[in-house]
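For reference, the structure discussed in these notes is given below.
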Amino acid sequence: MKKHDFILIGIILAAAILIFAALHFIPKNGEYVQIEVDRKIVETLPLSEDTTYRIETENGSNLLVIKDGFAEVTEADCPDKICVRHGKISKSGEAIICLPHKVVVSIISASSENEIDAEV
């Protein structure tokens, strides 16, 4: 084997590693927004449809806005408003959490919707 053969093998190997990393490690955009209140799923909304959803709990309320493939909490009557400052989410596995209201807004994909991660 010559020097150029090793260079070609190295380039092909590097390209294969990059393609593998892109397919397996880069998060994919989710398809649904799942809303949980006190660990119970109350609503699942498509991320592709622009909508506004008020999340009412016994501890207060949050306003969820889904627009242009992103979800964000724009209003909350909790004291710290960390959920409002969190910003937009769109990737599968991302979540916005409001601890005072016991609300979790998470992005899921169609394949993860029926999977059981753990039972409590």
Side-chain angles (χ1 to χ4, degrees):
M1 291 179 93
K2 296 183 180 182
K3 180 180 177 181
H4 296 290
D5 293 336
F6 287 113
I7 293 172
L8 182 61
I9 291 171
I11 291 172
I12 292 171
L13 186 60
I17 290 171
L18 286 174
I19 291 170
F20 175 80
L23 292 175
H24 293 286
F25 296 114
I26 296 175
K28 296 171 178 64
N29 283 343
E31 298 171 32
Y32 297 98
V33 178
Q34 182 172 283
I35 303 165
E36 295 178 47
V37 176
D38 201 16
R39 294 176 22 171
K40 293 177 182 69
I41 299 172
V42 295
E43 190 70 53
T44 302
L45 303 168
L47 195 57
S48 59
E49 294 179 19
D50 293 354
T51 189
T52 302
Y53 185 83
R54 176 140 326 255
I55 306 164
E56 296 287 344
T57 71
E58 60 186 35
N59 302 316
S61 67
N62 300 67
L63 183 66
L64 173 70
V65 175
I66 301 171
K67 186 174 182 184
D68 299 328
F70 291 92
E72 70 177 320
V73 175
T74 58
E75 295 176 18
D77 58 7
C78 56
D80 55 9
K81 297 192 183 350
I82 292 173
C83 53
V84 175
R85 292 193 312 258
H86 186 279
K88 298 177 180 180
I89 58 174
S90 66
K91 306 272 187 239
S92 185
E94 289 182 321
I96 298 173
I97 300 168
C98 182
L99 285 178
H101 297 165
K102 299 179 182 176
V103 171
V104 177
V105 176
S106 55
I107 304 295
I108 61 172
S109 62
S111 62
S112 66
E113 191 173 6
N114 296 323
E115 292 178 10
I116 296 175
D117 188 30
E119 289 191 35
V120 180

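If you're wondering where the values come from, they're calculated on a predicted model, not measured in any experiment.
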Practice prompt. Mind checking the CG-OG1 spacing from N62 to T57? Nearest 0.5 Å is all I need.
Written response: 7.0 Å
Discussion item. For a quick test of reading the model, state the closest non-hydrogen atom pair linking V104 to A95 and the distance between them.
Written reply: CG1-CB, 4.4 Å
Practice prompt. Please report the shortest heavy-atom distance between T44 and Y32, naming the atom on each side.
Written response: CG2-CB, 3.8 Å
Fill in: For E75, salt bridge (charged side-chain N to carboxylate O under 4.0 Å, His left out) partners two or more places apart
R54
Worksheet entry | Pairwise distance CG(L63) to SG(C83) - rounded to 0.5 angstrom | 10.5 Å
Discussion item. Going by side chain to side chain donor-acceptor pair (under 3.5 Å), name the residues that satisfy it together with D77, two or more places apart in sequence or in a different chain.
Written reply: H101
Worksheet item: Do the non-hydrogen side-chain atoms of N29 and K91 ever get within less than 4.5 Å of each other?
Response: yes
Worksheet item: Which value, rounded to the nearest 0.5 Å, describes the distance between S61 atom OG and E56 atom CD?
Response: 4.5 Å
Worksheet item: Hey, does I96 have a side-chain heavy atom less than 4.5 Å from the side chain of I89?
Response: yes
Worksheet item: More than 12 foreign heavy atoms under 6.0 Å from NZ of K81: is that the case here?
Response: yes
Practice prompt. Treat each ILVMFWY residue as a node, draw an edge where side-chain heavy atoms are under 4.5 Å apart, and state whether I41 and V33 are in one component.
Written response: no
Worksheet item: Is there a side-chain contact between H86 and V73 (heavy atoms, below 4.5 Å)?
Response: no
Worksheet entry | Polar side-chain atom of R39 near backbone of K102 as donor-acceptor pair, under 3.5 Å | no
Practice prompt. First locate atom OG1 of T52, then atom CG of D50, and finally report the distance between them rounded to the nearest 0.5 Å.
Written response: 8.5 Å
Item to complete: Give the cluster check for V65 versus V84: same hydrophobic cluster or not, with ILVMFWY residues linked at side-chain heavy-atom distances below 4.5 Å.
Response: no
Worksheet item: Once you round to the nearest 0.5 Å, how far does CD of E72 lie from CD1 of I66?
Response: 11.0 Å
Worksheet entry | Option among L64, I55, I35 that satisfies the side-chain contact (heavy atoms from CB on, under 4.5 Å) test with E43 | I35
Worksheet item: If you group Ile, Leu, Val, Met, Phe, Trp and Tyr whenever their side-chain heavy atoms sit less than 4.5 Å apart, what else falls in with I12?
Response: L8
Worksheet entry | Contacts of D5 that satisfy side chain to side chain contact (heavy atoms under 4.5 Å, CB included) - sequence neighbours left out | M1, K2
Practice prompt. Could I get the full list of side chain to side chain donor-acceptor pair (under 3.5 Å) partners for E36, not counting sequence neighbours?
Written response: Q34
Fill in: Spatial distance of atom CD1 (I97) from atom OG (S106) [nearest 0.5 Å]
8.5 Å
Fill in: Verify same cluster id: Y53, I107 (apolar side-chain graph, 4.5 Å)
yes
Item to complete: Sequence neighbours left out, what passes side chain to side chain contact (heavy atoms under 4.5 Å, CB included) with L13? Give chain and number order.
Response: I17
Worksheet, complete the sentence: Nearest heavy-atom contact between S92 and S109 is OG-N, 3.7 Å
